[in-house]
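Worksheet: one structure, shown below.
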Amino acid sequence: MSKPIIELKNFSYRYTHDSPIVLKNITFTINEGDFVGIIGCNKAGKSTLCKSIVGILPFVAGGEWDGEVIVDGKSLNETKGEGVTDVIGIVFQDAESQFTQSTVEDEIAFAMCNFGYDRELMRERVRFAATECDIYDLLGRSPYDLSGGQQQRLAVACILALQPRVVILDESTSQLDPLGRDNIFKLVSKLHEMGKTVIMVDHNIEKIADSADKVLVLHDGEVVMFDEKHKVFSNKQLLNEHFVRLPQVADAAIDLSKSFKGKGDIPITLEEAEKYFGALKRGA
Amino acid sequence: MAREVIRTENLVHVYPNGNVRALRGVNMTIYEGEIVSIIGQNGSGKTTIVRHFNGLLRPTEGKVYLFGEDTANKTVAQMSQRCGYVFQNPNHQIFCTTVREELEIAAKYFNFTEEETRKNCDEVIEMMNLKDIIDAHPMTLDYTTKKVLTIASVLVFKPEVLILDEPTGGLDEVGRRMLTNVLKMMHDNGHTVIIISHDMDYVAENSTRVIMMAQGQVQDDATPREIFKDQEKLKFSQIDPPQITNLDFYLTDRKEDSILSVSEFVRKYEK
Ligand SMILES: Nc1ncnc2c1ncn2[C@@H]1O[C@H](COP(=O)(O)OP(=O)(O)OP(=O)(O)O)[C@@H](O)[C@H]1O
Ligand SMILES: [Mg+2]
């Protein structure tokens, strides 16, 4: 039985005293080894939630909160967020605005500096992360002179080099080309198979449906659903009410359900859809 | 035949930093009223080329024509008033201290009358749903709202060509619908839109023409239906078509016209 790695208990948050409440009394548990996709429309509070999980909100950037976040058994209210980075690596949505080094190589190494690795291990990790994120050719370039997608790859590489137990990616594929995006999803799936916990905020519903096991739907600061992905994506009405769309194949299956009943449950991945719609295949 | 709005002739761009040859002789013509999507891998030169259309970058070699005129002696102001460019990264575009100021600044810069400025702003505020944040400091906004604001601040001066660099990145369904309304409005006014995007669902459903770039050159240039037709070629170019297009590939003979949206799929397989 896997143990909880991230727990939120009646957690609420707002940025300032006179601003609206952004997270409202949120309670959920993520177990070690889970792959959770977080979806929901803009302003649902996804980025705020990610930053709260790592304690940046409120312990570094301020704000008012209530309730607690527990990471790896320790309440952040007690640790004030200290030590979270030993457990969780996070790629922020605007990660490119946080680069500080003059070369891509140093930028990746910089993330590891606080961890006291020896030189050789660091070099190896840089090489590994840069290769996995397909920016090896760019190691000598300045982070500021990269294209948007190249910067996003770098941001992911910085976290990958750390190999933390939990990886949080906040829309880290939004500027990637399709291959680069697939690559990141493959990469985190690999981490997931290695037993790491993955949390991904992404608008690419199809990719989330492919890779995650659980999906959390956030709307207006509240958790609408948090369940196994098929359960979440079978609830078209509830999702649409919260401006979340379904994977295209699920949408198609539901829209066609009057005239066509396929094999098994509503499909949410291409693979499932090929089985479900199998009877319609030319020559079948 | 529609009027030509942008034409490049053997456009080459080399960034001095790192001596990067980002464009290697691009010939591209864009016509009035088109909604052109530029797709292609990270680093293939998409941002680099469109930044030549408003003068932010200048050719290392070759020429750029705007409405038939050589742009070599045109200023960024002259070019960007007709060719409004929305940055890939909103943090690079925003510099005012309130949303309203951000919206008005360009119109003022381009010498719009106060009345015109107010009227245009009001329209855009309504369309982009910015009323509630009009007095906010732009830097306190979340990433997506910043993105919407940057689009709005360009729409205010009513450019004839709207260039959107990765507008869909991070946009939810509501944002995408809003964006689609912007495209429709431009199109209905006979204006031209250029969108750079990695979001193939969006590209498939919303463009009249797709230009695919690879390594600083144009690799393909066709309608979305043609671009997403040939599975082999898509694989080769590392383009992932919409999921529904892939499902249709699986179910049908490849020679048929490709399906570009869920509604097309449903229509095809109904009854
Ligand atoms: N200021 C700069 N200095 C040096 N090289 C640059 C600069 N800006 C971009 N480049 C390089 O030029 C090439 C083309 O970059 P460009 O930004 O045009 O790509 P893009 O197609 O827009 O990519 P993306 O999809 O990642 O946004 C890349 O190799 C990039 O690293
Ligand atoms: Mg770009």
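Bear in mind the structure is a predicted one, so any value in this text is a computation, not a measurement.
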Is the shortest heavy-atom distance from the side chain of [X] to the side chain of [Y] under 4.5 Å?
{"X": "A/Glu274", "Y": "B/Leu247", "value": "yes"}
{"X": "A/Asn42", "Y": "B/Thr145", "value": "no"}
{"X": "B/Met200", "Y": "A/Pro178", "value": "yes"}
{"X": "A/Lys281", "Y": "B/Thr252", "value": "no"}
{"X": "A/Arg245", "Y": "B/Asp201", "value": "yes"}
{"X": "B/Leu251", "Y": "A/Phe277", "value": "yes"}
{"X": "A/Asp177", "Y": "B/Gln238", "value": "no"}

Report the distance from atom [atom1] of [X] to atom [atom2] of [Y], rounding to the nearest 0.5 Å.
{"X": "B/Tyr143", "Y": "A/Ser97", "atom1": "OH", "atom2": "OG", "value": "9.0 Å"}
{"X": "B/Gln243", "Y": "A/Thr269", "atom1": "CD", "atom2": "OG1", "value": "7.5 Å"}
{"X": "A/Leu179", "Y": "B/Asp240", "atom1": "CG", "atom2": "CG", "value": "9.0 Å"}
{"X": "B/Lys268", "Y": "A/Leu256", "atom1": "NZ", "atom2": "CG", "value": "12.0 Å"}

Chain A contacts, top residue of [options] (heavy-atom pairs, under 4.5 Å):
{"options": "B/Asn246, B/Thr48, B/Thr144", "value": "B/Thr144"}
{"options": "B/Val174, B/Leu171, B/Thr47, B/Asn17", "value": "B/Leu171"}
{"options": "B/Phe265, B/Tyr269, B/Tyr250", "value": "B/Tyr250"}

Per-residue contact mode, [X] against chain A (heavy atom under 4.5 angstrom):
{"X": "B/Gln41", "value": "both"}
{"X": "B/Gln88", "value": "side chain"}
{"X": "B/Pro90", "value": "neither"}

Crowding at [atom1], [X] (>12 non-hydrogen neighbours, <6.0 Å):
{"X": "A/Asp265", "atom1": "CG", "answer": "no"}
{"X": "A/Glu64", "atom1": "CD", "answer": "yes"}
{"X": "A/Tyr15", "atom1": "OH", "answer": "yes"}
{"X": "A/Glu241", "atom1": "CD", "answer": "yes"}

Any side-chain to backbone donor/acceptor pair from B/Asn42 onto A/Gln175? Under 3.5 Å, distance only.
yes
Kindly give the heavy-atom pair with the smallest separation between [X] and [Y], and that separation in Å.
{"X": "A/Ala252", "Y": "B/Ile244", "result": "CB-CD1, 3.7 Å"}
{"X": "B/Gly43", "Y": "A/Ser147", "result": "N-OG, 3.5 Å"}
{"X": "B/Asp172", "Y": "A/Cys41", "result": "OD2-CB, 2.8 Å"}
{"X": "A/Gln248", "Y": "B/Glu205", "result": "NE2-OE2, 4.5 Å"}
{"X": "B/Glu173", "Y": "A/Phe243", "result": "CB-O, 3.6 Å"}

Which atoms of [X] are under 4.5 Å from chain B, going by heavy atoms: the side chain, the backbone, both sets, or neither?
{"X": "A/Asp182", "value": "side chain"}
{"X": "A/Phe260", "value": "neither"}
{"X": "A/Ser259", "value": "side chain"}
{"X": "A/Glu171", "value": "side chain"}

Can you tell me if A/Glu96 and B/Asn89 form a side-chain donor-acceptor pair at under 3.5 Å?
yes
Top residue by heavy-atom pair count (under 4.5 Å) with chain B, among A/Leu176, A/Asp94, A/Asp145?
A/Leu176
Could you walk me through whether B/Val20 and A/Arg141 pass the side-chain contact (heavy atoms from CB on, under 4.5 Å) check?
CA-CA 10 Å; B/Val20 181; A/Arg141 297 266 304 274; 3.6 Å; yes
N-O pairing of A/Arg181 and B/Asp199 below 4.0 Å:
no
